[in-house]
Amino acid sequence: MDKLRIMSVFGTRPEAIKMCPLVKELASHPEIESLCCVTAQHRQMLDSVLEVFDLKPDYDLDIMTPRQTLSTITSKCLTGMDEAIEALKPDMILVHGDTSTTFAGALSAFYHQVPVGHVEAGLRTYDKYSPFPEEMNRKLVSAIADLYFCPTVNNKNNLLKEGITDGLFVTGNTVIDALKTTVREDYVFSTEELNHLPYGEKKVLLVTCHRRENYGEPMKNIMLALRQIAEQNEDVELVYPVHLSPVVREAVDKYLRGAPRVHLIDPLPADEMHNLMARSYLVLTDSGGLQEEAPALGKPVLVMRRETERPEAVEAGTVKLCGVVQDDIVTMAERLIHDPEAYRKMAHAVNPYGDGHACERIAQAILWHFGRGEKPADLNA
């Protein structure tokens with residue numbers, strides 16, 4: 001029997017962190033030929049993850065251009081995918097999450113009548129402009145996909161409410177699988193500054209902020225809040241790997257650069273970010289992935305957004321929404337800095353995103369779909 005040609009498509013750093021373990025898991029099955037196509041929607045940050053996981057793509061569209069728009073990303077992905085599909089002839093295409101690469105990859109697969117598996121399916125805010133453009137990307141992919149790999153039961157229920165009833169699997173999130181391979185107690189950072197932070201003596205706060213929905217006034221408020229937290233709390237060191245987006249860098253330079261106890265560094269490779277998170281006290285972010293990663297490491301997360309498509313973490317108590325108002329961010333951060341009981345409740349809450357075996361469940365579901373194995377049980381079924 002011929003091997004199944006399963007092509008994983010991704011283009012950004014967060015996608016790569018979550019898809020590289022799956023590409024490797026698929027390759028471990030003798031019935032599967034695991035193929036990898038990257039769009040390089042984010043070139044530098046994507047390459048750093050590929051290096052960490054020692055993964056060489058079978059096809060690289062290399063689409064990134066300075067100050068690219070959503071339209072150019074989507075159109076270049078779509079035309080590039082034509083070539084990749086013709087060259088690699090996959091039996092199924094896997095896309096991840098909610099990026100423009102995700103939507104274009106799924107749409108191209110549909111045009112070529114190739115089945116689609118959606119990794120991290122079923123996340124919803126039910127506000128099409130928040131997060132933008134991610135909410136509509138994932139809804140559009142849901143209309144195209146054949147298999148849906150949901151991190152949680154809540155994600156599965158979202159799809160059921162939308163009338164999607166076939167091909168649903170609760171797998172956990174593949175990012176937990178990734179953490180098992182990257183976090184080590186004896187880890188030495190290649191970013192030398194990180195080796196000398198006073199992790200035991202002071203509270204290290206890890207910050208990320210980059211979402212398009214926060215451009216403008218919200219980002220200004222976030223930067224001013226971060227500056228105020230650093231200025232008012234001498235027992236805090238704030239570490240911010242600054243996204244390469246020119247819009248983000250301009251805001252950081254204008255409002256945050258020069259603040260005391262603030263370390264502005266370049267984006268980190270996946271393994272450095274995971275190990276920095278493991279040694280940090282608290283995470284402040286507008287990222288989706290960090291809401292899943294940090295709780296697995298016992299780190300509370302404050303989400304600097306108006307809403308989140310990951311309500312499971314809020315319900316579990318590992319994540320709190322603090323919004324994009326300066327005073328609210330400062331108040332919630334300082335409570336966790338100064339109130340040990342409030343901190344303990346968040347740090348010891350149970351992570352809702354799985355057991356680190358999501359990739360195995362996804363591989364089994366694909367084999368089942370093609371009649372090559374048993375149907376896997378849902379996580380916590």
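All values below come from the heavy atoms of this structure, side chains included, with hydrogens, waters and symmetry mates left out.
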K.L.:
Is Glu15 salt-bridged to Lys18, cutoff N-O under 4.0 Å?
P.N.:
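Salt bridge: no.
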K.L.:
Between atom CG of Leu35 and atom CD1 of Ile85, what is the distance when rounded to the nearest 0.5 Å?
P.N.:
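Atom-to-atom, Leu35:CG and Ile85:CD1 are 12.0 Å apart.
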K.L.:
Between Lys202 and Glu237 (side chain of the first, backbone of the second, donor and acceptor by atom type, cut-off under 3.5 Å), is there such a pair?
P.N.:
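Not confirmed, Lys202 side chain does not pair with Glu237 backbone.
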K.L.:
Just by distance, do the side chain of Asn233 and the backbone of Val236 share a donor-acceptor pair under 3.5 Å?
P.N.:
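Not at all, since once roles are kept as given, no pair shorter than 3.5 Å links the two residues.
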K.L.:
Are the side chain of Lys56 and the backbone of Leu50 linked by a donor-acceptor contact shorter than 3.5 Å?
P.N.:
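Side chain of Lys56 to backbone of Leu50, a donor-acceptor pair under 3.5 Å: no, none is there.
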K.L.:
Just jot down the salt bridge (Lys or Arg N to Asp or Glu O under 4.0 Å) partners of Asp186, sequence neighbours excluded, or say none.
P.N.:
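Asp186 satisfies salt bridge (Lys or Arg N to Asp or Glu O under 4.0 Å) with Arg184 once adjacent residues are dropped.
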K.L.:
Do the side chains of Leu61 and Phe10 join up, straight or via other hydrophobic residues, at under 4.5 Å, putting them in one cluster?
P.N.:
no
K.L.:
Just so I know, are the side chains of Pro269 and Glu51 near enough to count as touching, which here means a heavy-atom distance under 4.5 Å?
P.N.:
no
K.L.:
Under 4.0 Å between a Lys/Arg side-chain N and an Asp/Glu carboxylate O for Glu231 and Arg227?
P.N.:
yes
K.L.:
Are any of the side-chain nitrogens in Glu134 or Arg310 under 4.0 Å away from the carboxylate oxygens of its partner?
P.N.:
no
K.L.:
Enumerate the ring pair (Phe, Tyr, Trp, His ring centres under 6.0 Å) contacts for residues 306-365, please, sequence neighbours excluded, ordered by first and then second residue.
P.N.:
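Ring pair (Phe, Tyr, Trp, His ring centres under 6.0 Å) check on residues 306-365 returns Tyr281-Tyr343.
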K.L.:
For Arg344, look at atom CZ and say whether over 12 heavy atoms of other residues, nucleotides or ligands are found less than 6.0 Å away.
P.N.:
yes
K.L.:
Examine distances only and state if a side-chain atom of Asp146 and a backbone atom of Val116 form a donor-acceptor pair shorter than 3.5 Å.
P.N.:
yes
K.L.:
Just how far is it from atom CG of Leu46 to atom OG1 of Thr12, taken to the nearest 0.5 Å?
P.N.:
7.5 Å
K.L.:
Strictly by modelled atom types, are Ser142 and Arg124 linked by a side-chain donor-acceptor pair under 3.5 Å?
P.N.:
yes
K.L.:
Just checking Glu374: does its CD atom have more than 12 heavy atoms from other residues, nucleotides or ligands closer to it than 6.0 angstrom?
P.N.:
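No, not enclosed.
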K.L.:
So, taking the atom named OH in Tyr59 and the one named CD in Glu83, what distance separates them when rounded to the nearest 0.5 Å?
P.N.:
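Taking OH in Tyr59 and CD in Glu83, the distance rounds to 4.5 Å.
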K.L.:
Please confirm whether the backbone N or O of Val175 pairs with a side-chain atom of Glu293, one donor and one acceptor, at under 3.5 Å?
P.N.:
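It does not hold such a pair.
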K.L.:
Pick out which of Val301, Leu336, Thr318 makes a side chain to side chain contact (heavy atoms under 4.5 Å, CB included) with Met346.
P.N.:
Leu336
K.L.:
For Leu88 versus Met7, what's the shortest heavy-atom pair and its separation?
P.N.:
CD1-SD, 3.4 Å
K.L.:
Would you check if Thr191 and Leu276 make a side-chain contact, meaning some heavy-atom pair closer than 4.5 Å?
P.N.:
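No - every pair of side-chain heavy atoms lies 4.5 Å or more apart.
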K.L.:
Indicate the atoms forming the closest heavy-atom contact of Ile144 with Phe110, along with that distance.
P.N.:
CG2-CB, 3.8 Å
K.L.:
What I'd like to find out is whether the side chain of Thr174 reaches to under 4.5 Å of the side chain of Met19, using heavy atoms alone.
P.N.:
no
K.L.:
Got a salt bridge between Asp355 and Arg361, using NZ or NE/NH1/NH2 to carboxylate O under 4.0 Å?
P.N.:
yes
K.L.:
Are there over 12 heavy-atom neighbours, none belonging to Glu162, within less than 6.0 Å of that residue's CD?
P.N.:
yes
K.L.:
Ignoring hydrogens and angles, tell me if any N or O in the side chain of Ser8 forms a donor-acceptor pair with the backbone of Cys36 under 3.5 Å.
P.N.:
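No, the answer is negative, given that no donor and acceptor are paired below the 3.5 Å cut-off.
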K.L.:
Report whether Val239 and Ile229 are members of the same hydrophobic cluster (ILVMFWY, side-chain heavy atoms less than 4.5 Å apart, transitive linking).
P.N.:
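No; Ile229 is not reachable from Val239 via cluster members.
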K.L.:
Using modelled atom types and a 3.5 Å cut-off, is there a donor and acceptor pairing between side-chain atoms of Thr74 and backbone atoms of Ala104?
P.N.:
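No; zero donor-acceptor contacts below 3.5 Å.
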K.L.:
Taking distance alone, no hydrogens or angles, what donor-acceptor pairs closer than 3.5 Å link side-chain atoms of residues 214-225 to residues at least two apart or in another chain?
P.N.:
from	atom 1	to	atom 2	distance (Å)
Asn214	ND2	Asp286	OD2	3.1
Asn214	ND2	Met304	O	3.1
Tyr215	OH	Ser245	OG	3.1
Asn221	ND2	Glu217	O	3.4
Asn221	ND2	Val324	O	3.2

K.L.:
Should Glu31 and Arg372 count as an ion pair when the cut-off is N to O under 4.0 Å?
P.N.:
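Here Glu31 does not pair with Arg372 in a salt bridge, since their nearest N and O are not under 4.0 Å apart.
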K.L.:
Distance alone, cut at 3.5 Å: any donor-acceptor contact between the side chains of Glu312 and Thr152?
P.N.:
yes
K.L.:
Rounded to the nearest 0.5 Å, what separation is found between the CG atom of Asp47 and the CG atom of Asp60?
P.N.:
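Reported value, rounded in 0.5 Å steps: 7.0 Å.
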K.L.:
Quick check for you: to the nearest 0.5 Å, what is the distance between Asp266 atom CG and Ser48 atom OG?
P.N.:
11.0 Å
K.L.:
Mind running side chain to side chain contact (heavy atoms under 4.5 Å, CB included) on Thr102 and Asn137 for me, showing each step along the way?
P.N.:
CA-CA 7 Å; Thr102 307; Asn137 282 342; 5.6 Å; no
K.L.:
Hey, does the side chain of Arg211 reach the backbone of Pro131 with a donor-acceptor pair shorter than 3.5 angstrom?
P.N.:
no
K.L.:
Determine whether a donor-acceptor pair (N or O, by modelled atom type, separation under 3.5 Å) exists between the side chain of Lys345 and the backbone of Gly317.
P.N.:
no
K.L.:
With side chain to side chain contact (heavy atoms under 4.5 Å, CB included) as the test, would you mind laying out the steps for Arg249 and Val242 before giving the verdict?
P.N.:
CA-CA 7 Å; Arg249 297 210 153 208; Val242 183; 4.0 Å; yes
K.L.:
Closest heavy-atom contact between Leu168 and Ile164?
P.N.:
CD1-O, 3.3 Å
K.L.:
Is the side chain of Gln364 donor-acceptor paired with the backbone N or O of Gly373 at a distance under 3.5 Å, no angle test?
P.N.:
no
K.L.:
What's the shortest heavy-atom distance between Pro30 and Lys3, and which atoms?
P.N.:
O-CE, 3.0 Å
K.L.:
Counting only heavy atoms not in Phe370, do more than 12 sit closer than 6.0 Å to its CZ atom?
P.N.:
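Enclosed: over 12 neighbouring heavy atoms sit under 6.0 Å from CZ of Phe370.
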K.L.:
Would you call the rings of Tyr187 and Phe189 parallel, tilted or perpendicular, taking 30° and 60° as the class edges?
P.N.:
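Perpendicular: the ring planes of Tyr187 and Phe189 meet at over 60°.
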K.L.:
So, for Leu302 and Cys322, which heavy atoms are closest and what is the spacing to 0.1 Å?
P.N.:
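So the minimum-distance heavy-atom pair works out to CB-SG, 4.0 Å.
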K.L.:
Answer yes or no: is there an ion pair linking Asp378 with Lys156, defined by an N-O contact shorter than 4.0 Å?
P.N.:
yes
K.L.:
Drop me the distance from Glu309's CD to Asp98's CG, to the nearest 0.5 angstrom.
P.N.:
6.5 Å
K.L.:
Hey, is CZ on Arg5 packed in by over 12 heavy atoms from elsewhere, all under 6.0 Å?
P.N.:
yes
K.L.:
What verdict does the side chain to side chain contact (heavy atoms under 4.5 Å, CB included) test give for Asn380 and Val170, after you've listed the backbone C-alpha separation in whole Å, the side-chain angles of each residue and the deciding distance to 0.1 Å?
P.N.:
CA-CA 9 Å; Asn380 298 329; Val170 180; over 6 Å; no
K.L.:
Test Gln41 against Ser100 for side chain to side chain donor-acceptor pair (under 3.5 Å), laying out the working first.
P.N.:
CA-CA 8 Å; Gln41 180 178 332; Ser100 298; 4.6 Å; no
K.L.:
Surrounding NZ of Lys320 (heavy atoms of other residues, nucleotides or ligands, distance under 6.0 Å), is the total greater than 12?
P.N.:
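Atom NZ in Lys320 is not packed in, count stays at 12 or less.
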K.L.:
Could you tell me whether the side chain of Ile362 reaches within less than 4.5 Å of the side chain of Leu22, counting heavy atoms only?
P.N.:
yes
K.L.:
What is the minimum heavy-atom distance between Val49 and Ile17, and which atoms define it?
P.N.:
CG1-N, 3.7 Å
K.L.:
Would you say the side-chain atoms of Thr101 and Thr39 include a donor-acceptor pair closer than 3.5 Å?
P.N.:
yes
